[in-house]
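The structure appears right after this line, and notes come after that.
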Amino acid sequence: MGFNIVLSSPSGAGKTTITKKISQKYPNIKISISHTTRKPRPNEIDGVDYHFVNKDKFESLIKENSFFEHAKIFDNYYGTSKKSVNKLHEENYDVVFDIDWQGTKQLSNYKELNLIKIFILPPDKKELKKRLINRNQDNNQTVEKRLKQYENDIQHWFDYDYVVINNDLESCFSQIEKIIESHKKEKMSFI
């Protein structure tokens, strides 16, 4: 097995955009597509952005121990399917996870996953609010909920191997590329 990259951040700090950039740049790294009970946004596709399921289905998957990790965030469940991640590994892909700190704690229990954990921070809370408003995905109440959660989220940065501040998307991505490249070299030296 190769390595798995975990990207976590407060909502709106850029982890989903960076996750997509990683999978575009590195053909051998695939995105882990999470299950969620959240309703799809207009531009989202089932099986591409998420596996959209209802609450009953999600809870039955929990009972069946189908997830490496799962959490309830903003009234919706999110989880990483063991079956889909294992399938990517069988096909010799490394995997990038776009998950929160709760999921990272759970994934960390699986030492065989060989995780590289990266926490992405916005420059400050004021910039985060601007980004959340500009992305135009949430109503004002949800934006405020996400901003309140920010204080809790940032307390978990110490659970990660790297912390990167996203002042500028290209600069942030460049730092993450360096992290990936150093781990790829390390992996090659063991072969």
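All values below were derived from every heavy atom in this structure, side-chain atoms included, with hydrogens, water molecules and symmetry-related copies excluded. Because the structure is a prediction, the values reported are computed rather than measured. Sequence positions, counted from 1, serve as the residue numbers for this chain.
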What's the verdict on side chain to side chain contact (heavy atoms under 4.5 Å, CB included) for L115 and F3, showing C-alpha distance, side-chain angles and the deciding distance?
CA-CA 6 Å; L115 300 175; F3 56 81; over 6 Å; no

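- How far CD1 of I165 is from CG of D124: 10.0 Å, rounded to the nearest 0.5 Å.
- A search for side-chain hydrogen bond (donor to acceptor under 3.5 Å, both in side chains) contacts involving Y50 returns nothing, not counting sequence neighbours.
- In this structure, OG in S9 is found 12.0 Å from CD1 in I154, a value given to the nearest 0.5 Å.
- Salt bridge status for K87 with E91: present, with a side-chain N to carboxylate O gap under 4.0 Å.
- Looking only at distances, a side-chain donor or acceptor of S23 sits under 3.5 Å from a matching main-chain atom of K20.
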Quick one, I22 with L7, criterion side chain to side chain contact (heavy atoms under 4.5 Å, CB included). Give me CA distance, side-chain angles, the key distance, then yes/no.
CA-CA 11 Å; I22 289 170; L7 292 183; 3.8 Å; yes

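- Here K117 does not pair with D159 in a salt bridge; the nearest charged N to carboxylate O distance is not below 4.0 Å.
- Enclosure of atom NZ in K129 is not indicated, since only 12 or fewer non-hydrogen atoms of other residues, nucleotides or ligands lie within 6.0 angstrom.
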Pair T104, I99 - check side chain to side chain contact (heavy atoms under 4.5 Å, CB included), show working.
CA-CA 7 Å; T104 302; I99 59 176; 3.8 Å; yes

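- Contact check for R131 versus P122: side-chain heavy atoms found under the 4.5 Å cut-off.
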What do the steps show when you test K63 against E59 for salt bridge (charged side-chain N to carboxylate O under 4.0 Å, His left out), and what is the final call?
CA-CA 6 Å; K63 286 178 188 153; E59 289 175 345; 5.9 Å; no

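- Nearest heavy atoms, S60 versus K57: OG-O, 3.0 Å.
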In sequence, state the C-alpha distance, the side-chain angles, and the governing distance for T36 and N76, and then conclude on side-chain hydrogen bond (donor to acceptor under 3.5 Å, both in side chains).
CA-CA 7 Å; T36 186; N76 290 297; 5.6 Å; no

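- At a threshold of 4.0 Å, the pair K148-E144 does not count as salt-bridged, since none of the basic side-chain nitrogens sits closer than that to a carboxylate oxygen.
- Pairing each heavy atom of H35 with each of S81, the nearest pair is CE1-CB, 3.7 Å.
- The nearest pair of heavy atoms linking K72 to Q102 is O-NE2, 4.2 Å.
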Show the numbers, then the answer: is there a salt bridge (charged side-chain N to carboxylate O under 4.0 Å, His left out) between E151 and K125?
CA-CA 9 Å; E151 298 299 334; K125 194 171 180 180; 3.2 Å; yes

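- No path of Ile, Leu, Val, Met, Phe, Trp and Tyr side chains, each step under 4.5 Å between heavy atoms, connects I29 with I33, placing them in separate hydrophobic clusters.
- Atoms CD1 and CD1, from I5 and I118 in turn, are 6.0 Å apart once rounded to the nearest 0.5 Å.
- Between the CG atom of D100 and the CD atom of Q149 there is a distance of 8.0 Å, given to the nearest 0.5 Å.
- For the pair D75 and K145, the salt-bridge criterion is met [side-chain N within less than 4.0 Å of a carboxylate O].
- Rounded to the nearest 0.5 angstrom, C172 SG and N167 CG are separated by 8.5 Å.
- Contact record, D49 with E44: OD2-CA, 3.1 Å, taken as the closest heavy-atom pair.
- For F119 and Y162, the gap between ring centers reaches or exceeds 6.0 Å.
- No side-chain N or O of D94 forms a donor-acceptor pair with one of H89 less than 3.5 Å apart.
- Within the 4.5 Å cutoff, side-chain heavy atoms of S32 are placed close to those of V95.
- The environment of Q141 atom CD is sparse: at most 12 non-hydrogen atoms of other residues, nucleotides or ligands sit within 6.0 angstrom.
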Give the C-alpha distance, both sets of side-chain angles, the deciding distance and a yes or no for side-chain hydrogen bond (donor to acceptor under 3.5 Å, both in side chains) between Y150 and Q155.
CA-CA 9 Å; Y150 167 81; Q155 293 178 34; over 6 Å; no

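- With a 4.5 Å cut-off between side-chain heavy atoms of Ile, Leu, Val, Met, Phe, Trp and Tyr, the cluster of I62 takes in V53, F58, L61, F67, Y77.
- Enclosure of atom CG in N43 by more than 12 non-hydrogen atoms of other residues, nucleotides or ligands within 6.0 angstrom is indicated.
- With rounding to the nearest 0.5 Å, the separation of CD1 in I176 from CG in N166 is 7.5 Å.
- When all heavy atoms of I31 and L88 are compared, the pair lying nearest together is O-CD1, 4.2 Å.
- Residue S182 comes nearest to I179 through the heavy atom pair OG-O, 2.9 Å, listed as atom of the first residue, atom of the second, then distance.
- Just one of K21, K184, K25 meets the salt bridge (Lys or Arg N to Asp or Glu O under 4.0 Å) condition when paired with E177; it is K25.
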For L113 and F68, run side chain to side chain contact (heavy atoms under 4.5 Å, CB included): C-alpha distance rounded to whole Å, both residues' side-chain angles, the deciding distance at 0.1 Å, then the answer.
CA-CA 10 Å; L113 289 178; F68 275 120; 4.2 Å; yes

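- Here E127 pairs with K130 in a salt bridge; the nearest charged N to carboxylate O distance falls below 4.0 Å.
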